[in-house]
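Structure first, commentary second.
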Amino acid sequence: MNEQQFIQNALQKSIEQELIARRLELGETRPGQLGEQLCPEKPPKAELGDWACPCFPLAKIFREAPPKLAVALAERLRTELPGWEIEPIGAYLNFRLPRDVVARSVMEQIALEQADFGRNEELKGRKVMIEFSSPNTNKPLHLGHLRNNVLGESISRIVAAGGAELNKVNIINDRGVHICKSMLAYQHFGRKEGPEGPFWETPESRGCKGDRLVGDYYVRFNDWVKEGGKSEEAENPEQLALKMLKEWEDGRPEVRELWQKMRKWVLDGIAQTYIRCGISFDRLYFESETYKLGQELVAEGLERGIFQRREDGAIFIDLSDCKLDQKVVQRSDGTSVYITQDLGTAVARHRDFPFDCQIYVVGNEQDYHFKVLFRILHLFGYPWSEQLQHLSYGMVVLPEGKMKSREGTVVDADDLLDRLEELALDGLRERGRLQEGQDSKENGAENSENSEVGLNTARSIALGALHFYLLQFNPRREISFDPKESLAFTGNTGSYLQYVGARIYSILRKAGAEVEANADRLAKYDPETWSLLAGGASDHAESSANSPEWELLKQLREYPKAVSLAAAELNPSHVVKALAEVARRFSRFYHDVPILSSEEPLLSVRLDLCRATLQVLRNGMELCVIPFLESM
RNA sequence: GCGUCCAUAGCUCAGCUGGAUAGAGUACCGGACUUCGAAUCCGUAGGUCGCAGGUUCGAAUCCUGCUGGGCGCGCCA
């Protein structure tokens with residue numbers, strides 16, 4: 001039973017007693033409903049208490065003003081909840097927890113569970129498949145993918161923390177006219193003149209990542225179209241692309257060979273970006289493999305009357321009855337469209353991993369696509385089709401508007417990460433943080449700025465800043481990305497979490513103390529020590545009502561709730577926010593309360609509070625794909 | 001035009017599904033490093049919750065209308 005229910009139960013009893021004392025009848029209301037109507041909530045200000053409950057709903061039954069009721073109920077609750085402070089203020093009943101008990105229970109729980117603190121079993125036994133990233137093999141990843149990637153990875157970790165069995169998958173869109181476009185451009189413009197004669201350009205010859213190279217040819221194709229597209233075939237490039245797609249589906253060797261080569265360039269390049277971002281997949285699906293199954297399904301659907309054939313041969317589904325209009329599922333020339341492969345992919349995936357639920361992390365510009373997809377799978381009668389979910393996240397827009405690949409306003413993922421790493425390195429340099437034992441001795445040479453350790457730290461800071469930034473908003477919300485302001489390391493950022501972690505590490509190092517919390521040690525403290533900790537025993541504890549220690553402890557207790565809420569809503573921002581709040585409250589505690597210079601037993605128990613905070617930060621940062629740093 | 005999502009401090013966003021004086025960060029201004037890491041902390045200021053109605057003890061939150069925006073409405077993906 002959680003605390004909220006605990007309070008509700010006590011309320012329920014008190015209300016019943018009060019009713020009896022007043023000889024009032026319940027009338028239509030079930031006895032059990034009374035407590036449920038009163039929902040304990042967080043007061044707007046910490047001074048008011050730890051929990052609060054408005055008495056408005058009871059006014060009718062008791063035929064008395066809520067403030068008077070609150071006073072009467074408070075009296076009864078005091079005997080119901082010994083140790084708690086209960087205070088009626090206006091129409092509200094305010095509750096204050098017995099602090100020594102709470103402090104001890106949170107810290108013991110953290111010490112016992114350690115890396116598992118925050119995990120729960122709400123999704124135990126559920127098999128969840130999650131699709132995210134979904135790159136095209138004709139260009140590198142951009143800012144939009146970065147949001148998608150970190151959302152997918154973070155939600156995966158959060159859902160796994162809920163006990164679900166998880167399968168992370170990526171559908172690689174390596175088939176279609178857009179792929180043919182970059183291939184065509186390469187065929188026409190990829191022949192270069194070198195000192196030793198002509199050659200076909202490769203990532204090595206240009207000295208860049210393969211995804212970048214192919215992406216440039218994709219852009220080149222669009223320029224070609226604008227130029228009027230002169231080619232020896234005297235057809236325009238768009239037509240050539242469709243023709244090439246047909247040849248690809250027919251398996252023409254030259255086309256397949258070029259496709260294999262360019263596809264690998266992009267896949268290798270994108271794989272590097274994934275590694276850099278700390279995200280991974282259990283399995284890759286390729287549209288080039290699943291589209292055939294999609295075509296089989298189209299044939300089956302046609303036979304079963306789910307789809308219809310038009311005079312020109314195109315196959316479509318009529319969904320005008322549910323306002324989804326008509327949708328073509330196979331072109332008149334027999335080639336597949338986007339949704340064809342998604343049908344095949346869904347079926348293939350359920351064969352590979354019989355999921356209870358599948359989450360598609362895909363941008364909201366595809367809301368219509370997924371409505372149609374889910375509808376079709378429903379009409380096919382797959383039972384699992386009822387458990388498909390589209391996590392429709394908002395776009396990332398720049399101050400000047402939407403990113404457009406053709407206009408070169410796309411923010412390239414690798415470029416952005418490079419820029420962030422440079423800024424992080426500048427930050428380390430300014431703070432003189434590139435020396436001080438950050439270098440390995442075997443490196444011997446010098447504490448140079450280019451040391452491996454310094455670069456790794458900068459990478460972690462950059463990634464932390466980016467991921468914190470991208471996860472702090474509601475996923476469904478469109479976010480505007482201003483490079484100048486968004487790439488900050490001060491204020492509410494990933495670096496803030498890392499900084500607090502590093503400071504805790506530092507203080508534990510200085511104390512010569514171990515880093516892990518230890519439940520046996522905690523068991524030795526007496527109740528008075530716990531009261532000293534929670535109540536704020538610092539010299540200037542003029543208001544022990546809400547000491548920094550108590551505020552911190554309460555926030556540590558909030559962390560598991562944030563994780564389960566994030567899992568329920570598929571919204572990692574709850575975890576990010578809970579962590580930022582932990583960091584803020586720790587900073588205040590750290591600032592206001594001396595730790596190393598305090599005397600026993602306060603020294604020990606305060607160090608234990610540091611350890612508990614550290615553990616929560618680490619656990620949460622792991623879920624948000626924000627690297628933890630022992631020093632920065 | 002149709003569908004769909006959105007509108008809260010100068011800016012970027014919260015607001016726990018109807019409750020107390022609407023909160024953070026950032027920017028601005030003012031304080032705090034001889035003391036555990038100043039990528040920090042503290043304080044001041046900043047709002048007619050787009051507009052107008054409605055529902056009720058009570059609305060940023062629910063309903064209707066209006067205004068202004070995003071996205072979608074391809075045999076692109």
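Chain A is the first sequence line, chain B the second, and so forth, proteins listed ahead of strands; every chain is numbered from 1.
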Inset, instruction - Answer yes or no: does a side-chain N or O of A/Ser597 lie under 4.0 Å from OP1 or OP2 of B/rC36? - result: no
Inset, instruction - Name the pairing partner of B/rA7, where a pair is Watson-Crick or G-U wobble with both distances under 3.5 Å, or state none. - result: B/rU67
Inset, instruction - For A/Arg175 and A/Ile179, work out which heavy atoms get closest and say how close. - result: N-CG1, 3.5 Å
Inset, instruction - Measure the shortest side-chain to side-chain distance between A/Val515 and A/Glu630 over non-hydrogen atoms and say whether it is less than 4.5 angstrom. - result: no
Legend entry - Syn or anti conformation of B/rU55, syn meaning chi within 90° of 0: anti
Legend entry - Euclidean distance for P, B/rA22 against B/rA32 (whole angstrom): 32 Å
Inset, instruction - Please check the phosphate of B/rU12 (OP1 and OP2 only) for any side-chain N or O of A/Arg477 closer than 4.0 Å. - result: no
Inset, instruction - Answer with base, sugar-phosphate or nothing: what part of the nucleic acid does A/Asp333 contact at a heavy-atom distance below 4.0 Å? - result: nothing
Inset, instruction - Take atom P in B/rA7 and the same atom in B/rC16, then report the distance between them in whole Å. - result: 13 Å
Legend entry - A/Lys327 vs B/rG74: side-chain N/O to OP1/OP2 distance below 4.0 Å: no
Legend entry - Residue-phosphate contact under 4.0 Å: A/Tyr496 side-chain N/O, B/rU26 OP1/OP2: no
Inset, instruction - Between B/rA24 and B/rA14, how far apart are the P atoms? Round to whole Å, please. - result: 16 Å
Legend entry - A/Asn173 and A/Glu287 side chains, donor-acceptor separation under 3.5 Å: yes
Inset, instruction - For residues A/Leu579 and A/Phe468, determine if any side-chain heavy atom of one lies less than 4.5 Å from a side-chain heavy atom of the other. - result: no
Legend entry - Under 4.0 angstrom between A/Tyr499 side-chain N/O and B/rA39 OP1 or OP2: yes
Inset, instruction - Check every strand shown and say whether A/Ser573 touches a base, only sugar-phosphate, or nothing at a heavy-atom separation below 4.0 Å. - result: nothing
Legend entry - Side-chain N,O (A/Arg175) to OP1/OP2 (B/rA77) below 4.0 Å: yes
Inset, instruction - Could you tell me which nucleotide pairs with B/rC13 by Watson-Crick or G-U wobble geometry, both distances under 3.5 Å, or answer none if nothing does? - result: B/rG23
Legend entry - Between B/rC62 and B/rC42 - C1' atom distance, rounded Å: 41 Å
Legend entry - Strand partner of B/rC2, provided both Watson-Crick or wobble distances fall under 3.5 Å: B/rG72
Inset, instruction - Give A/Gln330 one of three labels, base, sugar-phosphate or nothing, depending on what nucleic acid heavy atoms sit under 4.0 Å from its own. - result: nothing
Inset, instruction - Tell whether A/Asp342 reaches the base of B/rA77 with its side chain through a donor-acceptor pair below 3.5 angstrom. - result: no
Inset, instruction - Would you indicate, yes or no, if B/rG37 has its OP1 or OP2 atom less than 4.0 angstrom from a side-chain nitrogen or oxygen of A/Tyr590? - result: yes
Legend entry - Test: A/Arg263 cationic atom under 6.0 Å from A/Phe286 six-membered ring centre, within 45° of axis: yes
Inset, instruction - Under 4.0 Å between any heavy atoms, over every strand shown, what does A/Arg310 touch: base, sugar-phosphate, or nothing? Just pick one. - result: base
Inset, instruction - Can you tell me, in whole Å, how much space there is between the C1' of B/rC49 and that of B/rU4? - result: 23 Å
Legend entry - B/rA77 phosphate, OP1 or OP2, under 4.0 Å from A/Arg331 side-chain N/O: yes
Legend entry - Carboxylate-amine/guanidinium contact A/Arg585 A/Glu581, below 4.0 Å: yes
Inset, instruction - First locate atom OG1 of A/Thr490, then atom OH of A/Tyr496, and finally report the distance between them rounded to the nearest 0.5 Å. - result: 11.5 Å
Legend entry - Residue matched to B/rG30 through Watson-Crick or wobble contacts both under 3.5 angstrom: B/rC42
Inset, instruction - Scan A/Ser506 against the nucleic acid and name what it touches under 4.0 Å (heavy atoms): base, sugar-phosphate only, or nothing. - result: base
Inset, instruction - Using only side-chain N and O atoms of A/Arg588, determine if any of them is under 4.0 Å from OP1 or OP2 of B/rC42. - result: yes
Legend entry - Between B/rC6 and B/rC13 - P atom distance, rounded Å: 14 Å
Inset, instruction - For nucleotides B/rC29 and B/rU35, find the distance between their C1' atoms and express it as a whole number of Å. - result: 29 Å
Inset, instruction - Name the nucleic acid region contacted by A/Asn94, choosing base, sugar-phosphate or nothing; use a 4.0 angstrom heavy-atom cut-off, strictly under. - result: base
Legend entry - Gap in Å between the two P atoms, one belonging to B/rA59 and one to B/rU12, rounded: 28 Å
Inset, instruction - Classify the nucleic acid contact of A/Ile461 as base, sugar-phosphate or nothing, counting any heavy atom under 4.0 Å across all strands shown. - result: base
